[in-house]
2 protein chains.
Amino acid sequence: MIDLRRLRAFVAVAEERHVTRAAERLGMQQPPLTRLLRGLEEELGVPLLRRLPRGVQPTEAGQVLLEEARAVLARAAELQEAVRRVARGETGRLAVGFTPSAALHPFVPAVLRAFREEAPGLRVELDEAGTTELADALQHGRLDAAFVRSPVGSVPGLLVEPVLDEPMVAALPDGHRLATAGEGTSALPLAALAAEAFILYRRPSGPGLYDAILAACRAAGFSPRVAQEAPRLPASLSLVAAGLGVSVVPASMRRLAVAGVAYRDLTDCPGLSAPLHLALRQAGLTAAVARFRSAVRRGAAGRSG
Amino acid sequence: MIDLRRLRAFVAVAEERHVTRAAERLGMQQPPLTRLLRGLEEELGVPLLRRLPRGVQPTEAGQVLLEEARAVLARAAELQEAVRRVARGETGRLAVGFTPSAALHPFVPAVLRAFREEAPGLRVELDEAGTTELADALQHGRLDAAFVRSPVGSVPGLLVEPVLDEPMVAALPDGHRLATAGEGTSALPLAALAAEAFILYRRPSGPGLYDAILAACRAAGFSPRVAQEAPRLPASLSLVAAGLGVSVVPASMRRLAVAGVAYRDLTDCPGLSAPLHLALRQAGLTAAVARFRSAVRRGAAGRSG
DNA sequence: GCTAATCCATACCCTAAGAGTATCAAAGTC
DNA sequence: GACTTTGATACTCTTAGGGTATGGATTAGC
């Protein structure tokens, strides 16, 4: 089969029209070059060079080979560069997923925007899905990184590292007695919600926060009465606004400014917080993924520090 | 530098996602294939395959390499075919030249048309020039074949072979006494033109016919009075039509049907004929040129036989 | 939970392609 | 006609690449 070394040799000779000079240019001696040329001619079964008294001249087939060989060599060089660029994470694809609640944290869009600017050659693809789907997609390589709320436990091969941690706040209907209580805007003990109807977001799409809230309530001495389960976090806020009950949501939800919802800081609920995690595949860390991770870390440090 | 064998090996492995099966497909054993892969990874400095418990999987860089390598390999295969096609004369360029007088012979356009149909992949380029320019162009490879009238003597490295031979005829102004003489349309002895003013075509653009006519006249016992030299053969016919004199032209010129010119066969002029030759480069006969030569021979045989 | 099977990696040997040195042969130049 | 130039040839040697044997890790099956 065709060998690139021979093509390189031929191109040099055809360009120099001189075997000895071409050998010099190729950093080799003339005899092996002559043999390389003969090998190429034998392989193709075609005379490629006309031997003149003074140098050589490509035949017509040689002319065609010269052009074709240049193209192949250029493509091969490009190949090398393309692979290296991908390896350096300058180019390629990076698929990032996030849960709906993670998407609502302003940090996520901010860090994605910053990373796009930092690595313009990378095609960043986004996907929103539930935590379990994200974990599955990560495992199977459909995703390279994912923002999740809870530490995705017990999924082998995944690396989950904390990014940010934010307190949870109570989301109350506007005009609710606890929203306008005499304490003003100071913190509300979690136990104050013991009698309220709770609106929580469905379990399968995000096991972490649901469990964390229930656990915190139990630790505060009550078991919350779950009046309604919303499919996703933003939907639960709408239900709160409709007066169907109260909810406990990450503090960053305040920025959503849902009409009809009042927020109050919570206190007396140790361990109740809404963490933001970055999940990665443990094996085969791509350079692009590594760059993304470092961008996330930098972003988190700049935010909390 | 990149080696196509390695690329072929990698493509097979990436496609099979299985080193052992790929080795089988490549007709080799598994260990050397593994080494080939490692060599490629070392050369690029990039991990290309993720080793799974069950087979392998290309990394992102490997995916890119797979696509690029396929492209390079396809191009390389194409190269091989392109060169072979040129060598077989199915493809490529064929530059054919002819003198103005040769161009007027109907055989030349006929054989060119036939050859174009016979070898549609060949780009046939035509060029009209004087005999000496044609010979020079042939020598320097700008032309591959040329139709000339006279055997281009003394040009080293050229091969000139006769194609056709046709008689010369007298070209007379309409109404000239010899054109309408009592002998009707029978042949006219060359000597009958002894007293006429001759219009001949300039020497440098085509030495052959000029000399042949002068020699024939001398053999017929007179030295022609050259009244005018036309730059090219067709121009001389215009001068004849204008009544400035008579001329002697190849019989095929009759088909030109220049208004005001009457033709008469010539007799008593042994050796006076207008040969048509094909001139070729002696060395490095391309397949395309060989095919053209054989087409010309076939055409000539079909015409005269 | 142990054995068997699968599959890639490693170790070692061997062949053969390719690079180097020395030299020849042919053609042009002074 | 001697010299120079330039590609071809002969021979040796290094090394990349292929083959065989085998190891090690993981999964599947009883």
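The chains referred to below are lettered A, B, ... by the order of the sequence lines, with proteins before strands, and numbering in each begins at 1. For clarity, every value in this text was computed on a predicted model and none was experimentally measured.
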Given D/dG18, is OP1 or OP2 found less than 4.0 Å from the side-chain N or O atoms of B/R5? yes
Of the candidate nucleotides D/dG7, C/dT21, D/dG18, which contains the atom at the shortest distance from the side chain of A/V19? D/dG7
Separation of C/dA9 atom P from B/Q29 atom CD, nearest Å, is 16 Å
Rounded to whole Å, how long is the line connecting atom CD of B/E42 with atom C1' of C/dT10? 14 Å
Considering only heavy side-chain atoms of B/T34, the closest of C/dG18, D/dG19, C/dC8 is C/dC8
Provide the closest heavy-atom pair for A/R17 versus A/Q57 in the form atom of the first, atom of the second, distance. NH1-CG, 3.4 Å
A/R35 side-chain proximity, nearest of D/dG17, D/dG19, D/dC11: D/dC11
Just to be sure I understand the rule, does A/L36 reach a base, reach only the sugar-phosphate, or reach nothing, if contact means heavy atoms closer than 4.0 Å? sugar-phosphate
As a test of reading the structure: which of D/dG7, C/dA9, C/dC7 is closest to the side chain of B/Q30, going by heavy atoms? C/dA9
Expressed as a whole number of angstroms, how long is the span from B/R51:CZ to D/dT27:P? 17 Å
Under a 4.5 Å cut-off applied to non-hydrogen side-chain atoms, are B/H18 and B/T20 in contact? yes
Please pick, from C/dT10, D/dG7, C/dC7, the nucleotide with the shortest atom-to-atom distance to any side-chain atom of B/P31. C/dT10
May I ask you to say what A/G55 touches in the nucleic acid, namely base, sugar-phosphate or nothing, with a heavy-atom cut-off under 4.0 Å? sugar-phosphate
5' priority, DNA chain D, between A/P32 and A/R54 [closest heavy atom]: A/R54
Give, for atom CD of B/E15 and atom CZ of B/F10, the distance between the pair rounded to the nearest 0.5 Å. 10.0 Å
Starting at atom CE of A/M28, determine the distance to atom C1' of D/dT15, rounded to an integer number of angstrom. 15 Å
A/R6 side-chain proximity, nearest of C/dA11, C/dG18, C/dC8: C/dG18
Looking only at the side chain of A/T20 (C-beta and beyond, no hydrogens), which of the listed nucleotides D/dT9, D/dT6, D/dG19 gets closest? D/dT6
Output the rounded distance in Å from CG (A/L33) to P (D/dG7). 9 Å
Could you go step by step and tell me if B/S294 and B/R298 meet the side-chain hydrogen bond (donor to acceptor under 3.5 Å, both in side chains) rule? CA-CA 6 Å; B/S294 107; B/R298 279 201 312 278; 2.9 Å; yes
Whole angstroms only, please: what is the CZ-P distance between A/R17 and D/dG7? 13 Å
Whole-Å distance separating the CG atom of B/L40 from the P atom of D/dG17: 11 Å
Protein-nucleotide distance (B/R38, atom CZ; D/dA16, atom P), rounded to Å: 12 Å
Give a yes or no on this: more than 12 heavy atoms of other residues, nucleotides or ligands lie within 6.0 Å of atom CD of B/E24. no
